[in-house]
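Below is one structure, written out as structure tokens, with a few remarks after it.
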Amino acid sequence: MRRFSISQVTTLTSSFAEDLETYRKAGARGIGVWELKLPEGGDAEALERLEASGLGSAAAVPLIPSILPLPLMEGPNEPQARVEAFCASLHRLAPFRPSGVVCLTGPAQGRDPDEVRQLVVDGLRTIGAEAELAGVRVGLEPINRVGGENWTIVSSIPEAVELLEAADRPALGLQFDTWHLWNTETLLQDIEREAGRFVGVHVADWREPTRSWADRVLPGDGVAGLPAIVRALDRAGWEGFYDLEIFSDNGTFGSAWPDSLWDVQCADVARRGREAFRRVWETRIREPVDEVSPR
């Protein structure tokens with residue numbers, strides 16, 4: 001499948017070089033670069049390895065991925081410092097030619113809602129202007145309303161679009177994520193209306209019941225209705241990568257699930273992920289699914 005890629009967080013314990021080899025052998029056509037896996041001082045070598053692998057570049061994720069601080073991740077507390085770090089990452093990641101660079105708003109954490117919105121819009125304007133200079137796009141990613149209080153102020157495509165329109169920078173778009181958006185009430189209509197803004201698509205399924213934000217499962221192993229979502233994306237004209245992004249906590253974020261996919265050999269996860277997505281991709285054609293039921 002020429003449109004299947006794997007985001008590097010899916011194989012959290014392996015190196016950048018190992019990921020390239022593993023994904024290629026598994027039949028993936030692209031890689032979602034995570035800055036945390038780029039070796040210090042080794043960008044040139046990593047870029048050479050990427051080009052030699054023949055893999056395309058899906059959405060990239062910077063070390064500091066949000067404008068407002070994230071309680072579960074390290075980084076500066078001041079939004080201005082975070083924006084500056086994000087902009088530096090834009091220039092570091094741009095040579096890898098990602099489809100976009102993922103950006104989160106971060107959570108309000110008790111701040112005044114109007115103040116928070118202005119901080120985010122101002123940050124997006126600065127990031128959007130820097131992205132134009134770097135020659136890369138940025139994808140604002142809405143985060144699931146279930147458990148999203150530590151990550152975001154937007155949990156749907158329309159909410160994210162409001163911020164993009166307020167920031168008004170051409171380099172800004174949307175990062176779509178099936179795990180985060182599957183349970184929004186107007187999802188299929190949102191896809192049809194806003195697909196032209198998408199710079200990347202992350203794919204994972206929703207375990208029921210889910211145990212945390214880092215408890216995602218392979219496509220088809222959950223209840224997110226992925227065939228309907230993928231069908232809607234395909235109909236709306238999405239021609240980029242479907243980027244497998246699995247968070248499956250093995251204790252890294254505080255919960256050591258006994259069935260964590262992060263404890264499975266990377267080659268097995270990559271192979272199983274590709275086969276799982278292939279089944280979803282084929283099912284989207286066979287099953288005329290017209291709606292996704294929000295939870």
Side-chain angles (χ1 to χ4, degrees), residues 1-66 70 72-75 85-104 131 134-139 141 175 177 199-204 214 216 218 240-253 260-274 277:
M1 290 176 295
R2 65 179 178 84
R3 298 162 71 182
F4 176 72
S5 66
I6 303 176
S7 179
Q8 286 192 281
V9 75
T10 302
T11 51
L12 183 67
T13 61
S14 57
S15 69
F16 186 90
E18 290 169 337
D19 286 343
L20 290 173
E21 184 66 10
T22 298
Y23 299 174
R24 186 187 62 80
K25 286 184 176 180
R29 299 300 180 92
I31 181 172
V33 173
W34 278 60
E35 188 178 5
L36 64 83
K37 286 205 176 185
L38 292 177
E40 189 68 31
D43 288 11
E45 182 181 356
L47 187 55
E48 281 185 18
R49 287 180 179 273
L50 174 59
E51 292 175 346
S53 75
L55 295 176
S57 194
V61 178
L63 280 172
I64 305 297
S66 68
L70 300 173
L72 301 180
M73 295 182 70
E74 296 181 357
F86 192 101
C87 289
S89 292
L90 286 176
H91 290 279
R92 184 182 188 190
L93 293 168
F96 293 86
R97 298 187 296 278
S99 64
V101 177
V102 176
C103 180
L104 311 182
V136 69
R137 297 198 68 196
V138 170
E141 185 172 40
Q175 176 68 32
D177 189 305
V199 304
V201 168
H202 282 153
V203 178
R216 307 175 196 187
L218 296 177
F241 286 115
Y242 289 85
D243 197 29
L244 182 71
E245 186 190 58
I246 301 294
F247 286 81
S248 184
D249 202 0
N250 60 358
T252 300
F253 289 101
S260 170
L261 289 170
W262 281 347
D263 285 336
V264 175
Q265 285 196 353
C266 297
D268 289 341
V269 173
R271 176 185 52 80
R272 288 166 54 188
R274 181 184 182 278
F277 182 73

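Note that the structure is predicted; figures quoted are calculated from it, not measured.
- Taken from CG in Leu20 to CG in Leu55, the straight-line distance is 6.0 Å, to the nearest 0.5 Å.
- Here Arg92 pairs with Glu35, Asp43 under the salt bridge (charged side-chain N to carboxylate O under 4.0 Å, His left out) rule; sequence neighbours left out.
- Side-chain atoms of Leu244 and Phe277, non-hydrogen and from C-beta on, never get closer than 4.5 Å to each other.
- A donor-acceptor contact shorter than 3.5 Å links the side chain of Arg274 to the backbone of Gly27.
- A donor-acceptor pair is defined here as one N or O able to donate and one able to accept, closer than 3.5 Å; such a pair exists between the side chain of Asp249 and the backbone of Thr252.
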Item to check | Criterion side-chain contact (heavy atoms from CB on, under 4.5 Å) on Cys103 and Phe86, from CA distance to verdict | outcome: CA-CA 9 Å; Cys103 180; Phe86 192 101; 3.7 Å; yes
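- The salt bridge (charged side-chain N to carboxylate O under 4.0 Å, His left out) check on Asp263 picks up nothing, with sequence neighbours excluded.
- Using a 4.5 Å heavy-atom cutoff, the side chains of Ile31 and Leu50 are in contact.
- Across all non-hydrogen atoms, the minimal contact from Gly30 to Tyr23 is O-CD1, 4.3 Å.
- In this structure, Pro65 and Leu70 have side chains that are in contact, with non-hydrogen atoms separated by less than 4.5 Å.
- No donor-acceptor pair closer than 3.5 Å links the side chain of Ser5 to the backbone N or O of Gly32.
- Scored by the side chain to side chain donor-acceptor pair (under 3.5 Å) test, Asp19 finds Gln8, Thr11, Ser14, Lys37 as partners (sequence neighbours excluded).
- Atoms CD and OG, from Glu141 and Ser66 in turn, are 11.5 Å apart once rounded to the nearest 0.5 Å.
- Trp262 and Phe253 have tilted rings, their planes meeting at an angle from 30° to 60° on a 0 to 90° scale.
- Ser89 places none of its side-chain heavy atoms less than 4.5 Å from the side chain of Ile64.
- Between the side chain of Asp243 and the main chain of Ile6, a donor-acceptor pair closer than 3.5 Å is present.
- A donor-acceptor distance shorter than 3.5 angstrom exists from the side chain of Ser248 to the backbone of Leu261, with no hydrogens or angles considered.
- The distance from atom CG of Leu47 to atom CZ of Phe16, rounded to the nearest 0.5 Å, is 8.0 Å.
- Taking both residues in full, the closest heavy atoms of Ala204 and Glu245 are given as CB-O, 3.3 Å, listed atom of the first, atom of the second, then distance.
- Arg97 pairs by the side chain to side chain donor-acceptor pair (under 3.5 Å) definition with nothing, not counting sequence neighbours.
- Between Phe247 and Leu12 there is no side-chain heavy-atom pair separated by less than 4.5 Å.
- Residue pairs meeting the side-chain hydrogen bond (donor to acceptor under 3.5 Å, both in side chains) criterion with at least one member in residues 48-60, sequence neighbours excluded, are Glu45-Arg49.
- In this view, Arg137 satisfies the salt bridge (charged side-chain N to carboxylate O under 4.0 Å, His left out) rule with no residue, not counting sequence neighbours.
- Here the CZ-NE2 distance, from Arg216 to His202, works out to 9.0 Å after rounding to the nearest 0.5 Å.
- In this structure, Pro98 and Val136 have side chains that are in contact, with non-hydrogen atoms separated by less than 4.5 Å.
- Proximity of Leu218 to Ile246: side-chain heavy atoms (C-beta onward) are separated by under 4.5 Å at one or more points.
- Side-chain contact between Thr13 and Cys266: present, with at least one pair of heavy atoms (C-beta onward) separated by less than 4.5 Å.
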